[in-house]
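All remarks here apply to the structure that follows.
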Amino acid sequence: MRAFANAKLANVAFAAELPGHLPGVRAVSFHPGLIRSNFAAGSAPVIRTFMRSPARALMRSPEQGADTLVWLATADEGQLVDGAYYIDRKPAPRNQVVDDPEFRRRLWSRTAEAVDPAR
């Protein structure tokens with residue numbers, strides 16, 4: 001779970017950093033919510049148990065989870081904020097580390113090195 005959470009945090013930070021490196025390119029991130037799916041089928045037993053619990057009834061359908069993604073992909077450019085993190089079609093607060101310019105700079109640099117080790 002820690003690796004998953006760190007990967008998601010990096011995705012949000014990368015989307016926040018990208019517009020500064022590629023002017024004219026819109027980059028945002030979003031949270032679909034907890035979705036009723038088989039996503040966790042290979043997860044730890046405690047997570048699989050939770051995903052089969054009565055709490056499943058409170059989770060979103062795949063269609064509900066996709067709503068913000070579809071909206072982001074089809075929204076007029078003026079409706080979106082570069083680098084923002086969206087929940088339910090609205091900009092939402094981000095983890096404070098995402099707003100740390102040094103963290104984002106290091107993430108960008110390490111990503112560039114991973115993609116092109118000759119850099």
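For the numbers below, each heavy atom of this structure counts, side chains included, while hydrogens, waters and symmetry mates do not. Bear in mind that the values here come from a model prediction, so they are computed numbers and not experimental data.
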When rounded to the nearest 0.5 angstrom, what distance separates [atom1] in [X] from [atom2] in [Y]?
X: Ser109; Y: Arg104; atom1: OG; atom2: CZ; value: 14.5 Å
X: Tyr86; Y: Lys90; atom1: OH; atom2: NZ; value: 12.0 Å
X: Thr111; Y: Leu18; atom1: OG1; atom2: CG; value: 10.5 Å

>> Is there a side-chain contact (heavy atoms from CB on, under 4.5 Å) between Tyr85 and Asn95? Walk through the geometry before answering.
In response: CA-CA 10 Å; Tyr85 174 65; Asn95 183 304; over 6 Å; no

Can you see which heavy atom on [X] is nearest to which on [Y], and at what distance?
X: Phe14; Y: Leu107; result: N-CD2, 3.7 Å
X: Phe103; Y: Ala13; result: CE2-CB, 3.6 Å
X: Gly65; Y: Phe30; result: O-CE1, 4.0 Å
X: Met59; Y: Ile35; result: SD-O, 4.0 Å
X: Arg60; Y: Asp88; result: NH2-OD1, 2.7 Å

> Does the pair Ser29 and Val12 meet the rule for a side-chain contact (heavy atoms from CB on, under 4.5 Å), with working shown?
Replying inline: CA-CA 6 Å; Ser29 56; Val12 174; 3.7 Å; yes

> Is the His21 ring parallel, tilted or perpendicular to the Trp108 ring (thresholds 30°, 60°)?
Replying inline: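 Taking Trp108 first and then His21, their aromatic rings lie parallel (interplane angle under 30°).
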
> Do Glu102 and Arg105 meet the salt-bridge criterion of a basic N to acidic O distance under 4.0 Å?
Replying inline: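 Result for this pair is yes, salt bridge flagged.
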
> Any side-chain heavy atom of Gln64 within less than 4.5 Å of one from Ser61?
Replying inline: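 Side-chain contact under 4.5 Å: yes.
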
> Between Asp99 and Arg94, is any pair of side-chain heavy atoms under 4.5 Å apart?
Replying inline: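 Side chain of Asp99 against side chain of Arg94, heavy atoms only: contact under 4.5 Å found.
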
> Taking only residues two or more places apart in sequence, or in another chain, which ones meet Arg26 in a side-chain contact (heavy atoms from CB on, under 4.5 Å)?
Replying inline: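 In terms of side-chain contact (heavy atoms from CB on, under 4.5 Å), with neighbours along the sequence ignored, Arg26 is linked to Val28, Glu77, Leu80, Asp82.
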
> Around atom CZ of Arg106, are there more than 12 heavy atoms of other residues, nucleotides or ligands at under 6.0 Å?
Replying inline: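 Above 12, so yes.
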
> Which pairs with one or both residues in residues 65-75 pass side-chain hydrogen bond (donor to acceptor under 3.5 Å, both in side chains), sequence neighbours excluded?
Replying inline: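 Sorted pair list: Asp67-Arg89.
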
> Does Asp100 have any salt bridge (charged side-chain N to carboxylate O under 4.0 Å, His left out) partners at least two apart in sequence or in another chain, and if so, which?
Replying inline: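 With sequence neighbours excluded, Asp100 shows a salt bridge (charged side-chain N to carboxylate O under 4.0 Å, His left out) to no residue whatsoever.
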
>> With clusters defined by side-chain heavy atoms of hydrophobic residues (ILVMFWY) lying less than 4.5 Å apart, directly or transitively, does Val70 cluster with Val81?
In response: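 No, it is not one cluster - the side chains of Val81 and Val70 are not joined through contacts under 4.5 Å.
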
